[in-house]
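Chain letters run A, B, ... following the sequence lines, proteins first and then strands; every chain starts at 1.
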Amino acid sequence: MNEFFLKVYEIVRKIPRGRVSTYGAIARYLGTTKSSRLVGYAMNLSHQYDPSIPAHRVVNRNGLLTGKHHFATPTLMQELLEAEGILVKDNKVQNFDKVFWDPSKML
DNA sequence: GGTGTGACCAGCT
DNA sequence: AAGCTGGCCACAC
């Protein structure tokens, strides 16, 4: 477990309920904008290291649910988001600019 | 211990 | 305006 992953998880846990963030925003906050892929990779492994990480609150920069296939079922991610009051349509978060949570501004 | 592989993004054609 | 390319780096095999 290295520091990068730990920081990623730490930030994801801080995403408020009913808000979402992006891989790029998290990477940028950590000062490693170009390593945004690692953030996605971290999410991929998050379930085995620490299940309490709300990976469903992290989407790509367009608000697209690119990672839904990595959940238990392809619909689970959307269901979790909708359960928090986030509207999802066509694999995409609606009102994305409204629910977007930017760690570099909010922390 | 080298190589391939991403839940991505920005910049260039 | 839309598609392609490169970079990034931990991890599994």
Side-chain angles (χ1 to χ4, degrees):
Chain A
M1 216 46 192
N2 65 36
E3 193 177 323
F4 182 84
F5 271 44
L6 286 175
K7 283 183 179 175
V8 170
Y9 294 150
E10 188 181 338
I11 292 171
V12 175
R13 279 200 212 92
K14 287 182 179 173
I15 300 176
R17 183 186 161 83
R19 309 293 295 278
V20 297
S21 193
T22 73
Y23 308 101
I26 293 170
R28 189 164 57 251
Y29 176 73
L30 295 178
T32 60
T33 319
K34 298 173 183 172
S35 303
S36 47
R37 308 182 74 169
L38 272 299
V39 179
Y41 205 84
M43 292 304 100
N44 191 15
L45 302 177
S46 66
H47 63 89
Q48 37 182 304
Y49 289 115
D50 193 335
S52 64
I53 303 217
H56 59 279
R57 292 186 191 149
V58 185
V59 296
N60 78 351
R61 76 180 199 91
N62 300 117
L64 221 53
L65 273 55
T66 51
K68 63 184 292 186
H69 295 358
H70 296 271
F71 285 79
T73 72
T75 56
L76 182 59
M77 186 175 188
Q78 175 168 346
E79 289 169 5
L80 288 171
L81 288 172
E82 290 178 337
E84 297 185 355
I86 298 174
L87 299 176
V88 179
K89 184 182 178 183
D90 257 357
N91 285 351
K92 197 173 158 198
V93 175
Q94 305 296 295
N95 300 322
F96 182 60
D97 47 345
K98 298 280 171 61
V99 295
F100 175 58
W101 184 83
D102 187 351
S104 62
K105 292 178 182 170
M106 309 296 184
L107 291 182

Enumerate all atom pairs, one protein N or O and one N or O from nucleotides 10-13 of chain B, separated by less than 3.5 Å.
none

When rounded to whole Å, the CG to P distance for the pair A/N62 and B/dC8 reads 11 Å
Pair of N/O donor and acceptor under 3.5 Å linking B/dC8 base with A/S36 side chain: yes
Taking only nitrogen or oxygen atoms into account, show me every contact under 3.5 Å that the protein makes with nucleotides 3-6 of chain B, one pair per line with its distance.
residue: B/dG6; atom: N9; partner: A/R37; partner atom: NH2; Å: 3.4
residue: B/dG6; atom: N7; partner: A/R37; partner atom: NH2; Å: 2.5

Sorted by chain and number, sequence neighbours left out, ring pair (Phe, Tyr, Trp, His ring centres under 6.0 Å) with A/Y41 holds for none
Heavy atoms under 4.0 Å, any strand shown: does A/S35 hit a base, just sugar-phosphate, or nothing? sugar-phosphate
Using the 3.5 Å cut-off, write out each protein N or O paired with an N or O of nucleotides 1-4 of chain C and the distance between them.
none

(request) Using modelled atom types only, decide if a donor and an acceptor are shared between the side chain of A/T32 and the backbone of A/S35 within a distance under 3.5 Å. (result) no
Rounded to whole Å, OH of A/Y9 lies from P of C/dA10 at a distance of 13 Å
In whole angstroms, the gap separating C1' of B/dC9 from NZ of A/K34 amounts to 11 Å
By side-chain contact (heavy atoms from CB on, under 4.5 Å), A/K92 pairs with (sequence neighbours left out) A/L64, A/Q94
Side-chain contact check for A/F5: nearest option of B/dA7, C/dA10, C/dC8 is C/dA10
* Asked: Base, sugar-phosphate alone, or nothing: which one does A/L45 contact when heavy atoms must sit under 4.0 Å apart?
  -> sugar-phosphate
So, with a heavy-atom separation below 4.0 Å from DNA chain B, the residues of residues 96-107 of chain A are none
Base, sugar-phosphate alone, or nothing: which one does A/A27 contact when heavy atoms must sit under 4.0 Å apart?
nothing
Those residues at least two apart in sequence (or on a different chain) that pass ring pair (Phe, Tyr, Trp, His ring centres under 6.0 Å) with A/Y29 are none
A/S104 meets the side chain to side chain donor-acceptor pair (under 3.5 Å) criterion, sequence neighbours left out, with A/D102
Separation of C/dC8 atom C1' from A/N2 atom CG, nearest Å, is 14 Å
Contacts of A/E10 meeting side chain to side chain donor-acceptor pair (under 3.5 Å) (sequence neighbours excluded), chain-then-number -> none
A/T22 has its side chain closest, among B/dC9, B/dA7, C/dC8, to B/dC9
Quick note, ring pair (Phe, Tyr, Trp, His ring centres under 6.0 Å) partners involving residues 72-96 of chain A, not counting sequence neighbours, are A/F96-A/F100
Applying side-chain contact (heavy atoms from CB on, under 4.5 Å) to A/D97 and not counting sequence neighbours gives none
From NE2 of A/H47 across to P of B/dA7 the rounded distance in Å is 12 Å
Residues 52-68 of chain A vs side-chain hydrogen bond (donor to acceptor under 3.5 Å, both in side chains), sequence neighbours excluded, gives A/D50-A/S52, A/H56-A/E84, A/R57-A/E84, A/K68-A/N91
A/K7 atom NZ is separated from C/dA10 atom C1', nearest whole Å, by 15 Å
* Asked: Is the closest side-chain heavy-atom distance between A/I15 and A/V20 below 4.5 Å?
  -> no
